[in-house]
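This is a predicted model, so every value here is computed, not measured. Worth knowing before you read on, the calculation uses all heavy atoms, side chains too, and leaves out hydrogens, waters and symmetry mates.
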Amino acid sequence: MKIKMVSIPVLDPIKAFKHYTTILGFQEYMYDPSAQLAIVVSADEPDGTAMILEPALMSEISKTYQEKLRAAKIPVITLGVEDINAEYIRLVNLDVPFLKNPSQQSWGIEAIFDDGQGNYIQLMEEEKDQNN
């Protein structure tokens, strides 16, 4: 069994699609603005897990979930990166606001940014294996 698709609540799927593709670097998987349908995939793994940018305001459950996560400053998803410092600089230069700058954790390095769609997103660079 493997994860095929995850759902991320967003304020506006059309604006989110533009942000996730032009700023964050995801690729289109399926896009139908008239149906408020926007699905993206990683440029690094286009056949991997897809992410549907779900309109949070269409469901009270999604809206509440998104609001509660944001109020608690909990990221809605974690995205893995090879070089978190390079990605941080790239995103800052594109005016992406960060809640937490890159910082060392026991498992690696993390940073948290605002996706402009009501969510915090965690970036993660795993600790490199010192034996390799």
For the hydrophobic clusters of this structure (ILVMFWY residues joined by side-chain heavy atoms under 4.5 Å, transitively), does one cluster hold both [X] and [Y]?
X	Y	result
Leu99	Leu123	no
Ile121	Val92	yes
Tyr65	Ile74	yes
Leu24	Ile52	no
Val41	Met5	yes

Is any side-chain heavy atom of [X] less than 4.5 Å from a side-chain heavy atom of [Y]?
X	Y	answer
Val76	Gln66	no
Tyr120	Leu69	no
Met51	Ile77	yes
Tyr88	Asn101	yes

Salt bridge (Lys or Arg N to Asp or Glu O under 4.0 Å) partners of Glu54, counting only residues at least two apart: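 Counting only residues at least two positions away or on another chain, Glu54 forms no salt bridge (Lys or Arg N to Asp or Glu O under 4.0 Å).
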With sequence neighbours excluded, residues passing salt bridge (Lys or Arg N to Asp or Glu O under 4.0 Å) with Asp114: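 Only Arg70 meet the salt bridge (Lys or Arg N to Asp or Glu O under 4.0 Å) criterion with Asp114.
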Nearest atoms (heavy-atom pairs only) where [X] meets [Y]:
X	Y	result
Phe98	Ala111	CE2-CB, 3.9 Å
Thr21	Phe17	OG1-O, 2.7 Å
Pro13	Ala38	O-CB, 3.7 Å
Ala43	Pro46	O-CD, 3.5 Å

Just wondering, more than 12 heavy atoms not from [X] lying within 6.0 Å of its [atom1]?
X	atom1	answer
Met58	CE	no
Gln104	CD	yes
Gln105	CD	yes
Tyr31	OH	yes

Run the side-chain contact (heavy atoms from CB on, under 4.5 Å) test against Glu126 and tell me which residues pass, sequence neighbours left out.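 Glu126 satisfies side-chain contact (heavy atoms from CB on, under 4.5 Å) with Met124 once adjacent residues are dropped.
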Looking at [Y], is its backbone amide N or carbonyl O close enough to the side chain of [X] to form a donor-acceptor pair, meaning the two atoms are under 3.5 Å apart?
X	Y	result
Ser62	Pro9	no
Glu125	Ile84	yes
Gln117	Leu11	yes
Thr64	Ile61	no
Gln36	Ile14	no

To the nearest 0.5 angstrom, please state how far the [atom1] atom of [X] sits from the [atom2] atom of [Y].
X	Y	atom1	atom2	result
Leu53	Met30	CG	CE	12.5 Å
Leu94	Ile23	CG	CD1	5.0 Å
Ile8	Ile39	CD1	CD1	12.5 Å
Glu82	Glu87	CD	CD	11.0 Å
Asn85	Ile109	CG	CD1	5.5 Å
Asp47	Lys4	CG	NZ	7.0 Å

For the residue pair Tyr20 and Phe26, categorise the inter-ring angle as parallel (less than 30°), tilted (30 to 60°) or perpendicular (more than 60°).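 Plane angle between 30° and 60°, so tilted.
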